[in-house]
Every structure is written in structure tokens, then in C-alpha cells.
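To start, the structure itself, in C-alpha cells.
Numbered from 1 within each chain, the chains take letters A, B, ... in sequence-line order. Hydrogens, waters and symmetry mates are skipped; everything else that's a heavy atom, side chains included, is used. Keep in mind that what you see is a predicted model, and the values were worked out from it rather than measured.
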Amino acid sequence: MEPIAYMPSINAMYAALGYPAYRWVVNAEPPPWQPVRKPLARSRLGLLASGGIYVTGQVAFHFKDDASFRVIHADVDTRDLRTAHFAYDQTDARRDPNVVFPLDTLRRLVGEGVLGALSPHAYGFMGGIYSARRVQEDLAPRLTERLLADEVDLALLVPV
Amino acid sequence: MGLIARHAEAAGIPTLCMSSALDITRAVNPPRAAFLDFPLGHTTGKPDEPELQRAILLAALAAFSELREPGGVTMLPFRWSEDEAWKLELAAGDFRSPRLDTPQYQDDSDRERAQRPGAAPAPCPRCR
């Protein structure tokens with residue numbers, strides 16, 4: 001069976017709610033490209049995830065175009081991770097955050113020597129921000145600044 | 001997520017986007033992507049299956065060296081289940097919550113911890 005086509009069903013859902021038509025970001029031009037310079041085993045990787053991940057003690061996300069992010073230390077205890085998100089069934093993510101925030105998996109790959117290192121900071125935020133402009137002009141530049149400051153060689157982005 | 005990847009890549013950082021929504025990923029067109037045909041909310045695996053999670057991530061991370069063309073998508077060779085009934089069920093369901101504009105804590109103890117004196121301040125003063 002083919003992968004699910006999500007765009008038509010989300011369009012129909014918003015229409016049924018009486019929302020203005022959702023304007024999908026469609027980039028026909030090729031994306032920017034930065035060659036990979038080091039092998040994985042010598043690379044430092046930054047993790048970003050839009051499944052609404054935060055650490056207990058932090059302020060949770062709200063559901064109305066929340067363009068903030070949470071800094072999550074790479075040595076956090078996975079049991080302290082929480083989720084707040086309006087658009088997916090969080091049952092499994094709350095049982096095992098690695099299904100949307102693969103921190104234990106990445107730590108294991110570092111331990112095995114497959115991956116060089118993890119950035120000391122991972123970032124949790126919300127997907128489903130209605131305004132693409134807000135992502136482009138606000139959230140994306142702020143996260144990019146953080147990745148540059150963290151001096152990562154690679155970034156892994158995990159949506160839901 | 002693709003927008004953030006494009007931004008970071010333009011700033012000099014090679015990126016890889018995981019995906020479980022192939023049509024959305026192809027539309028946004030990030031520099032590199034790895035597609036896992038699992039239900040939403042399982043972008044990097046199934047709960048409490050660390051061996052599967054590891055295999056998925058290993059295969060995905062290989063895309064950093066395997067993908068040579070901007071916009072390339074690696075199709076990861078994992079199946080959620082023998083049959084694909086989940087695709088029909090998912091198409092019928094809708095998990096969306098109302099767009100509430102106050103923090104939505106996972107549980108009350110989180111709210112209490114975040115509101116204690118000395119707790120981390122709201123992370124971004126500009127954020128509404």
C-alpha cells in the first residue's frame with residue numbers, strides 16, 4: 001500500500017472546521033546543500049524534534065502557534081521527558097519518548113562508536129505552526145543560531 | 001520541519017529530516033530526508049523496542065553519506081505491521097486537540113514543578 005497522502009485529508013479537515021485554506025509550503029526549487037565533511041563516527045550531531053517534547057519543570061507548549069523551543073540537555077533522564085502536542089496521539093511517545101525523540105538511541109550509537117558525539121543540547125518545539133512565515137523568520141533562524149553555537153557537524157530533525 | 005532544515009543547511013550545517021508523511025516532505029523539499037512508513041507519532045520507531053529503534057536510526061543516519069543529490073529521500077525498509085490496516089484506521093481518525101493558548105502540561109505534577117519559585121522562566125519572552 002502506498003504511503004498515506006496527508007495533505008488532502010488535512011485540507012478537508014480544516015475546511016470542515018471553517019478555517020481558511022491551509023497554504024502548504026511547496027518548494028519547487030532545489031534545497032540548499034552542504035556536503036558532509038566528516039564520517040559519522042567523527043561527527044557531532046544535534047537533535048531537533050517537533051513532537052512537543054519538554055522536560056518536567058519547564059513550561060509546557062501551548063497549542064496556538066507556539067513558536068518557542070525548549071533546550072534539553074543531552075544527558076537528561078529520559079523519564080523526565082514529557083510531551084504536549086495538539087496533532088498526534090501521544091500515548092506511545094509518553095510511554096517511550098524515543099519514538100519521536102530518539103535520545104537513548106543516539107546515546108547508544110555514541111557508546112558503540114557509530115556516532116562521534118551528541119551536541120550537549122537538543123531542542124524540542126511544536127510542529128503545526130499555522131504560519132510558515134513565522135517559522136521562516138523566527139523559529140528557524142533562532143534554532144539555526146543555536147546549532148551554530150553548539151558547533152554541530154550534522155543536524156537530525158524529527159517531526160511527528 | 002523542512003523549513004528549519006533548509007535554513008540550517010543554508011547556514012552550513014548538513015541536515016537530515018526524518019519523515020512519516022511523504023507527501024508533506026516532498027512538498028517542503030528538505031535537503032535530505034529518510035521516510036519511515038509508520039503511523040504519525042512514531043517517526044523513529046515503536047515504543048519499548050530499542051533494537052528496532054536502533055536499526056531505524058542506523059539506516060536513517062546512513063543517508064548522510066548515501067544521499068548525494070539535494071532533495072533526496074531514503075525509503076527506510078521497515079514495516080509497521082504485516083498488513084496495513086493502520087493506514088485505513090488512521091485516515092478515519094483525528095487526534096487534533098483545540099488550539100488552546102495556555103501551556104498544556106502532560107500532568108499536574110509538571111505544572112506544579114514549572115510554577116515553583118525558582119523554576120526555569122518561560123523560555124522566550126517574545127512567545128505568546
Look up atom [atom1] in [X] and atom [atom2] in [Y], then write down how far apart they are to the nearest 0.5 Å.
{"X": "A:His85", "Y": "A:Phe63", "atom1": "NE2", "atom2": "CZ", "result": "8.0 Å"}
{"X": "A:Arg23", "Y": "A:Ser131", "atom1": "CZ", "atom2": "OG", "result": "8.0 Å"}
{"X": "A:Trp24", "Y": "A:Asn11", "atom1": "CH2", "atom2": "CG", "result": "6.5 Å"}
{"X": "B:Met1", "Y": "B:Thr15", "atom1": "CE", "atom2": "OG1", "result": "10.5 Å"}

Check whether [X] gets within reach of chain B through its side chain, its backbone, both or neither, counting any heavy atom under 4.5 Å.
{"X": "A:Val26", "answer": "both"}
{"X": "A:Leu45", "answer": "side chain"}
{"X": "A:Pro97", "answer": "neither"}
{"X": "A:Leu147", "answer": "both"}
{"X": "A:Phe101", "answer": "backbone"}
{"X": "A:Leu156", "answer": "both"}
{"X": "A:Glu112", "answer": "side chain"}
{"X": "A:Ala132", "answer": "both"}
{"X": "A:Arg82", "answer": "both"}
{"X": "A:Leu106", "answer": "both"}
{"X": "A:Leu148", "answer": "both"}

Any donor and acceptor pair, going by atom type alone, linking the side chain of [X] with main-chain N or O of [Y] inside 3.5 Å?
{"X": "A:Asp77", "Y": "A:Arg79", "answer": "yes"}
{"X": "A:Arg142", "Y": "A:Ala67", "answer": "yes"}
{"X": "A:Asn27", "Y": "A:Glu29", "answer": "no"}

Under a 4.5 Å heavy-atom cutoff, which of [options] has the most pairs with chain B?
{"options": "A:Ala93, A:Ser43, A:Ala60, A:Gly46", "value": "A:Ala60"}
{"options": "A:Val100, A:Asp92, A:Leu157", "value": "A:Leu157"}
{"options": "A:Asn98, A:Ile129, A:Leu143", "value": "A:Asn98"}
{"options": "A:Val160, A:Leu109, A:Leu154, A:Leu40", "value": "A:Leu154"}

Please classify the contact of [X] with chain A as side chain, backbone, both or neither, using a heavy-atom distance under 4.5 Å.
{"X": "B:Pro30", "value": "backbone"}
{"X": "B:Gln115", "value": "neither"}
{"X": "B:Arg68", "value": "backbone"}

Return the option, out of [options], with the maximum number of heavy-atom pairs under 4.5 Å with chain A.
{"options": "B:Leu22, B:Asp48, B:Leu61", "value": "B:Asp48"}
{"options": "B:Ser20, B:Pro31, B:Pro47", "value": "B:Pro47"}
{"options": "B:Ile24, B:Val28, B:Asp23", "value": "B:Asp23"}
{"options": "B:Ala21, B:Gly41, B:Ala34", "value": "B:Gly41"}
{"options": "B:Gly71, B:Cys17, B:Gly12, B:Gly45", "value": "B:Gly12"}

Contacts of residues 74-84 of chain B with chain A (heavy atom under 4.5 Å):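 Counting heavy atoms that sit under 4.5 Å from chain A, the residues of residues 74-84 of chain B involved are B:Glu84.
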Are [X] and [Y] close enough that some pair of their side-chain heavy atoms sits under 4.5 Å apart?
{"X": "A:Val99", "Y": "B:Phe38", "answer": "no"}
{"X": "B:Thr44", "Y": "B:Leu36", "answer": "no"}
{"X": "A:Arg70", "Y": "A:Val55", "answer": "no"}

Are any of the side-chain nitrogens in A:Arg108 or B:Glu51 under 4.0 Å away from the carboxylate oxygens of its partner?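 Yes, charged N to carboxylate O under 4.0 Å.
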Under-4.0 Å salt bridge between B:Asp37 and B:Lys87: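 Salt bridge flag = yes for B:Lys87 with B:Asp37.
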Looking only at non-hydrogen atoms, find the nearest pair between [X] and [Y] and report the distance.
{"X": "A:Thr144", "Y": "B:His7", "result": "OG1-ND1, 3.1 Å"}
{"X": "A:Gln136", "Y": "A:Pro141", "result": "O-CD, 3.2 Å"}
{"X": "A:Thr83", "Y": "A:Gly51", "result": "CB-O, 4.1 Å"}
{"X": "A:Tyr54", "Y": "B:Tyr105", "result": "OH-CA, 3.4 Å"}
{"X": "B:Met18", "Y": "B:Thr43", "result": "CE-O, 3.5 Å"}

State, without any angle test, whether B:Thr102 and B:Gln104 hold a side-chain donor-acceptor pair at a distance under 3.5 Å.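 There is such a pair (donor and acceptor under 3.5 Å, judged by atom type) between the side chains of B:Thr102 and B:Gln104.
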Quick one: do the A:Asp104 and B:Gln53 side chains pair a donor with an acceptor below 3.5 Å?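 No, B:Gln53 and A:Asp104 have no side-chain donor paired with an acceptor closer than 3.5 Å.
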Chain B neighbours within residues 113-121 of chain A, where any heavy atom lies under 4.5 Å away: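 Hits under 4.5 Å: A:Val114.
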Is there a path of hydrophobic side-chain contacts, each under 4.5 Å between heavy atoms, that joins B:Phe35 and B:Trp86?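 In one cluster: no.
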For A:Arg133, is the CZ atom crowded, meaning more than 12 foreign heavy atoms sit under 6.0 Å from it?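 For A:Arg133, atom CZ is not crowded (no more than 12 foreign heavy atoms under 6.0 Å).
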